[in-house]
Amino acid sequence: MRIALAVFGADRSVLREGAGSSWNTRDFDITVEVNDPTAWTLHTQQLSQLVGFLSGDRWVFQFAQATPPEEAVLPLDEQHFDRTVLLSGGADSAVGALLSAIELGEGKSHALVSQFSSTALSPIQQNIVSSIGGLAPGVRQVHHQFRLHRGSKRLDGTTFRDEPSSRSRSLLFLALGLAVAERASSKLWIPENGFASLNPPLGADRRGSLSTHTTHPRFLRELGELMRSVGGHGEIENPFEGLTKGEMFDRVADAIGTDAASAYLSATNSCSHTDGRYSGAPAGSSCGVCFGCLVRKSSFAASGVPDKTTYLVDDTSGQFSAFVKQKSIVEPMRDFARRGIRPRDVMTMSLPQDYAAKDALTLCQRGIEELRSILG
């Protein structure tokens, strides 16, 4: 957790230069206090490569002995759960949490872990948990919500710079999940459709720091290996690694019916932008034109599950036109869907050794077919 917090704080505080393909690679050299500096020092290179793969930057880590707490740490009751699931409030995580409960069945249990910085996400996460309780009432569930974010002021009172990309936020989310999973003695699920996880390049200007490796198969495998190497909990799995988002929606419809799936999935939020409120949009609004929203729309269309989401792009008053225009990547996504995925694109995906290139290719082709259902 200390390492994840340090990485996130540094990532948020150092601005990138330019945009698109000109976004720069930054250099970080940070010292982190940990309980076992020797163990982490032995694996510094692994950690640097892992975080660099996630953020697209160069990282150097040094470790110091953490100061013992001045007050006695309260004992924690050991509490076993059969599974721990990350629940962001997005559709994929909601699918994972629901299908986890259904798969586990009567008398089993799972822990759901949420993290948020935008307060608009908290009620969405809570409503998903409540819905699961009604759809899978035999499963015991505990919901852990964490609100962690970097403050705006330094110790000397000056204001931090604020880098908006913050690709390292996912490392913090995973660290929280692993901490809960270790205490629960269970595997950690991070549910994400495999098409988005592979992060296929949309174009020349989206091969670098605008792209994300949050749930990339290589990143998750290497994170698990690193945690086991330092004596930590490294059981991490994306159960939907081989599925598109539309195929995930199909599974929900098969499990609870189309109407219930429509209500459940439409109550989630997949939008990449939480700043619509500054344009007068209701908290938790979805723009309808970002990568997350477009993949979401195509998944509803491909699965035949009715989409009841309200998108700002469909507002006819014109109030949100400037905001939607600023956020839209519809044309790059349409070009991507028309071009399709090519074998040479797969070769840029940094696949782990146990992930066959042909499987990545066919998965991406299925994902692109879903996108074509709304983009032409």
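Position 1 is the first residue of the sequence, and the numbers go up from there.
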Heavy-atom pair of closest approach, residues [X] and [Y]:
| X | Y | value |
| --- | --- | --- |
| Gly89 | Ile124 | O-CG2, 3.7 Å |
| Arg26 | Arg16 | NH2-NH2, 3.0 Å |
| Gly242 | Leu363 | O-CD1, 3.7 Å |
| Ala4 | Ala175 | CB-CB, 3.7 Å |
| Thr258 | Pro306 | CG2-CD, 3.7 Å |

| task | Mind running side chain to side chain contact (heavy atoms under 4.5 Å, CB included) on Met248 and Ser299 for me, showing each step along the way? | result | CA-CA 8 Å; Met248 291 175 66; Ser299 303; over 6 Å; no
| field | His216 and His213 aromatic ring geometry - parallel, tilted or perpendicular at 30°/60° bounds | value |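 Plane angle over 60°, so perpendicular.
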| query | In terms of ring plane angle, is the pair Trp59 and Phe28 parallel, tilted or perpendicular, where the classes change at 30° and 60°? | reply |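 Correct class here is parallel.
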Salt bridge or not for [X] and [Y], using N-O below 4.0 Å?
| X | Y | answer |
| --- | --- | --- |
| Arg251 | Asp254 | no |
| Lys297 | Asp307 | no |
| Arg12 | Glu163 | no |
| Glu225 | Arg228 | no |
| Asp57 | Arg167 | no |
| Arg83 | Glu103 | yes |
| Arg366 | Glu247 | yes |

| query | How far apart are the C-alpha atoms of Thr309 and Arg296, what are their side-chain angles, what is the distance that settles it, and do they pass the side-chain hydrogen bond (donor to acceptor under 3.5 Å, both in side chains) test? | reply | CA-CA 10 Å; Thr309 311; Arg296 175 191 179 95; 2.9 Å; yes
| task | Give a yes or no on whether Leu5 and Val34 share a hydrophobic cluster (residues Ile, Leu, Val, Met, Phe, Trp, Tyr; joining criterion: side-chain heavy atoms under 4.5 Å apart). | result |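 The answer is yes; both residues are in one hydrophobic cluster.
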| query | Is there a path of hydrophobic side-chain contacts, each under 4.5 Å between heavy atoms of I, L, V, M, F, W or Y residues, that connects Leu104 with Ile256? | reply |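 Shared cluster, no.
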| message | Against the six-membered ring of Phe53, is Arg218 placed for a cation-pi contact (under 6.0 Å from the centre, within 45° of the normal)? | response |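 Judged by the rule, Arg218 and Phe53 form a cation-pi pair.
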| said: For the residue pair Ser122 / Gln126, report whether a side-chain donor-acceptor contact shorter than 3.5 Å exists. | reply: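 A pair is found: one side chain offers a donor N or O, the other an acceptor, under 3.5 Å apart.
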| field | Ser298 and Leu375: CA distance, side-chain angles, deciding distance, side chain to side chain contact (heavy atoms under 4.5 Å, CB included) verdict | value | CA-CA 8 Å; Ser298 69; Leu375 293 173; over 6 Å; no
| Would you say Ser279's side chain and Ala281's backbone share a donor-acceptor pair under 3.5 angstrom? |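 No, because the side chain of Ser279 does not come within donor-acceptor range (under 3.5 Å) of the backbone of Ala281.
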| query | For Pro217, does its backbone N or O pair with a side-chain atom of Arg221 as donor and acceptor, under 3.5 Å? | reply |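 Pair found, side chain donor or acceptor close to backbone of Pro217.
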| request: Go through the steps for Ser114 and His144 under the test side-chain hydrogen bond (donor to acceptor under 3.5 Å, both in side chains), then give the verdict. | output: CA-CA 6 Å; Ser114 299; His144 301 278; over 6 Å; no
| said: Does Asp36 have more than 12 heavy atoms from other residues, nucleotides or ligands lying within 6.0 Å of its CG? | reply: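 Yes - once you tally the heavy atoms of other residues, nucleotides and ligands closer than 6.0 Å, there are more than 12.
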| message | For Met1, I'd like to know if atom CE has over 12 heavy atoms of other residues, nucleotides or ligands within 6.0 Å. | response |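 Count over threshold, so yes.
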| message | Are the side chains of Trp189 and Leu86 in contact, using a 4.5 Å heavy-atom criterion? | response |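 Not in contact.
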| said: A side-chain contact here means heavy atoms from C-beta on lying under 4.5 Å apart; do Gln49 and Leu226 qualify? | reply: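 Contact flag for Gln49/Leu226 side chains = no.
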| Atom CG in Leu174, atom CD1 in Ile236: separation rounded to 0.5 Å? |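 Between atom CG of Leu174 and atom CD1 of Ile236 there are 6.0 Å.
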| request: Starting at OH of Tyr355, measure out to OG of Ser197 and round the result to the nearest 0.5 Å. | output: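 It comes to 8.0 Å.
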| request: Kindly write out the residues that satisfy side-chain contact (heavy atoms from CB on, under 4.5 Å) with Ser168, not counting sequence neighbours, or none if the list is empty. | output: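 Listed in chain order: Val7, Phe8, Asp11.
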| field | side chain to side chain contact (heavy atoms under 4.5 Å, CB included), paired with Gln125, selected from Asn127, Leu121, Ile128 | value |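 Only match with Gln125 under side chain to side chain contact (heavy atoms under 4.5 Å, CB included): Leu121.
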